[in-house]
Amino acid sequence: DDKYHEKRKQLVELELRMALGGNSTLNDKENIVNNCLMQHKFNELDYGFDNPDHYNLSHHFFNYRKQIQKSKVYKIIQSMPKGAVLHVHDMAIIGPDYFVNLTYMDHLYVCFGKPIKFWFSYTVPNTTCDGDWKLMKDVRKAAANVTQFDADLRKHFTLVCDNPDVVYPSIKETWDTFMGYFTSVFGLLSFRPNWEQYFYDALKLFRADNIMYVEVRSILPNLYELDGTVYDKIITAKAYRKAINKFLKDYPDFLGAKLIFAPSRKVDAKVLDSYIQTARHIKRDMPDLYAGFDLVGQEDLGNPLIEFVPQLLQAKDLNFFFHAGETNWFGTLTDENLVDAVLLGAKRIGHGYALAKHPALMREVIKKDIGIEVNVLSNAVLSLVKDVRNHPLNIFLSLDLPVVLSSDDPGAWEADPLSDDFYVAFVGVASRLADLRMLKGLALNSLKYSALKAEHKVRAIREFNSRWNDFVNHFDCKSY
Ligand SMILES: O=c1[nH]cnc2c1ncn2[C@@H]1O[C@H](CO)[C@@H](O)[C@H]1O
Ligand SMILES: [Zn+2]
């Protein structure tokens, strides 16, 4: 009997040690933070366990999004240094109010098609739209109630709604709406002055969320001017470099940002070839900006990597960060994108949601030390998983896979740059017993698996540790 309990205890402890962060130890100050954190975490979870009908995290994110703000665990996570964001998309970082503001700019035209479109121009745009282009200023002036008009406009810049389970019955509806979102913001953002300002403002948001470094994925749209001038993608990359340099001048405590060129996977071999040329060009001319190459878009509907393998094998110098395994279709070519991502030498994998079904690939991921960029809220909003307790991240964490938490498109679902994802992963996905060591481990992973050059990485980790110590030393449980 005693022996049974001893064995049982050993197994429980063994698994906790095997998990991400489970082998690390906390100093005295960190233990004080941890006691506070875990007390609040237990309160929240045990309330949910006793009242499963009121457990927020089992419902749709849109239904509890605002209530997260009240959580003490959330507040601690928000004020904690979290390292880097390594998986986020160019046009979906800042929330909808930002776009409503942009619609007040001069020379903006609007077309109320499905989806709604915008374009800046001195004269009526010749951009295609199923409807008429009208001057935004005139349309707003004609509106009976401008507040209502702007509230209606705002709905085009977010996926958030009051009844998500009705509006989004399947992945088809979520992705259709999601693609509509990108079409709607495209004209607002690819206007050259706005592109630079948007990323500058996005960096501000990251910094405010206690993030010190960012790797952004971009399709690199061709930017345009009021007179109709259209630039090539190199100019878009340069706009990023300009925005980053300006930001670093204004906020020297920020570590920087890099670019992953991530165009659509729904293209033919010839177009892919032009993308590869562009990537080579950027890598050669802007080596400090360039981090790598990816292919994006709804994975089930795009081309599987296997179709491009001959071309991609010739382009391994580009550094791959492929989206792969963002699917529920086990055993399909989409699912097998994970195989190709591994074989093509990807430095990290975007999502890797389907990875838990592939034991040999998990072994490869460990052996090759490939970072898995997990985006829990994205997977929930984009219809892969309903109840986050079923997200495979819990398996990845238990196995201590090289996980990096990220937020994918936080602006499109009105989430924080990272804190909401961290909170949901920590409380909703990870073990009840996972503690501050896991949070610290996740933050450290985000730097370890970044594309920073070796010496910059060392510096980044040193800087993180110093900020972490500041956070721990100034921590006061009563202030949360
Ligand atoms: O979760 C994702 N998986 C795949 N592609 C995505 C995801 N989020 C955004 N994009 C893609 O990124 C482009 C903008 O940079 C969007 O057009 C969208 O297709
Ligand atoms: Zn993504």
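Note that ligands are numbered from 1 as they come in the structure, with each ligand's atoms numbered from 1 the same way. Along the sequence shown, the residues carry numbers beginning at 1. For clarity, every value in this text was computed on a predicted model and none was experimentally measured.
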Consider only side-chain N and O atoms of [X] and [Y], and report whether a donor and an acceptor are under 3.5 Å apart.
X    : Y    : value
Y122 : D227 : no
Y449 : D369 : yes
H60  : D165 : no

For ligand 1, which atoms sit closer than 4.0 Å to a heavy atom of [X]?
X    : result
E326 : 1 (O), 2 (C), 3 (N), 4 (C)
D409 : 7 (C), 8 (N), 9 (C)
H351 : 1 (O), 2 (C)
M179 : 18 (C), 19 (O)
F178 : 8 (N), 9 (C)

Quiz item: the Zn ion (ligand 2) is nearest to which N, O or S atom of H87?
Solution: NE2
Practice problem: Could you pull out the atom name of the N/O/S atom in D408 that is nearest the Zn ion (ligand 2)? | Solution: OD1
Practice problem: State, to the nearest 10 degrees, the angle whose vertex is the Zn ion (ligand 2) and whose arms point to NE2 of H323 and NE2 of H89. | Solution: 100°
Quiz item: Does R154 pair with D150 as a salt bridge, N-O distance under 4.0 Å?
Solution: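 No, this pair does not count.
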Which heavy atom of the protein is the closest neighbour of [atom], given with residue, atom name and distance?
atom                    : result
atom 11 (C) of ligand 1 : V296 CG2, 3.7 Å
atom 15 (O) of ligand 1 : D90 OD1, 2.6 Å
atom 1 (O) of ligand 1  : D408 OD2, 2.6 Å

Quiz item: So, does T236 use its side chain to make a donor-acceptor pair with the main chain of P221 at under 3.5 Å?
Solution: yes
Practice problem: Please report the C-alpha distance between F118 and Y109 in whole Å, then the side-chain angles of each, then the deciding distance to 0.1 Å, and finally whether the ring-ring contact (aromatic ring centres under 6.0 Å, His included) criterion is met. | Solution: CA-CA 6 Å; F118 300 88; Y109 284 82; over 10 Å; no
Quiz item: Which is closest to atom 17 (O) of ligand 1 by heavy-atom distance: F182, F186, Y181, Y353?
Solution: F182
Exercise. Give the single entry among A262, A92, G297 that approaches atom 5 (N) of ligand 1 most closely by any heavy atom.
Key: G297
Quiz item: How far apart are the C-alpha atoms of F199 and F206, what are their side-chain angles, what is the distance that settles it, and do they pass the ring-ring contact (aromatic ring centres under 6.0 Å, His included) test?
Solution: CA-CA 10 Å; F199 195 60; F206 286 121; 7.5 Å; no
Quiz prompt | Criterion salt bridge (charged side-chain N to carboxylate O under 4.0 Å, His left out) against D288, the qualifying member of K283, K453, R241 | solution =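 Answer after filtering K283, K453, R241: K453.
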Self-check item: Location of contacts on Q298 toward ligand 1, heavy atoms closer than 4.0 Å
Solution: neither
Quiz item: When you look at L205 and D416, which way does the side chain to side chain contact (heavy atoms under 4.5 Å, CB included) test go after all the steps?
Solution: CA-CA 8 Å; L205 280 188; D416 292 326; over 6 Å; no
Quiz item: Taking both backbone and side-chain atoms of H89, is any N or O found less than 3.5 Å from an N or O belonging to ligand 1?
Solution: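 Looking only at distances, the answer is yes, because the N/O contact criterion of under 3.5 Å is met.
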Self-check item: The single option from D335, N328, V374 passing side-chain contact (heavy atoms from CB on, under 4.5 Å) against Y353
Solution: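 Going through D335, N328, V374 one by one, the side-chain contact (heavy atoms from CB on, under 4.5 Å) with Y353 is satisfied by N328 alone.
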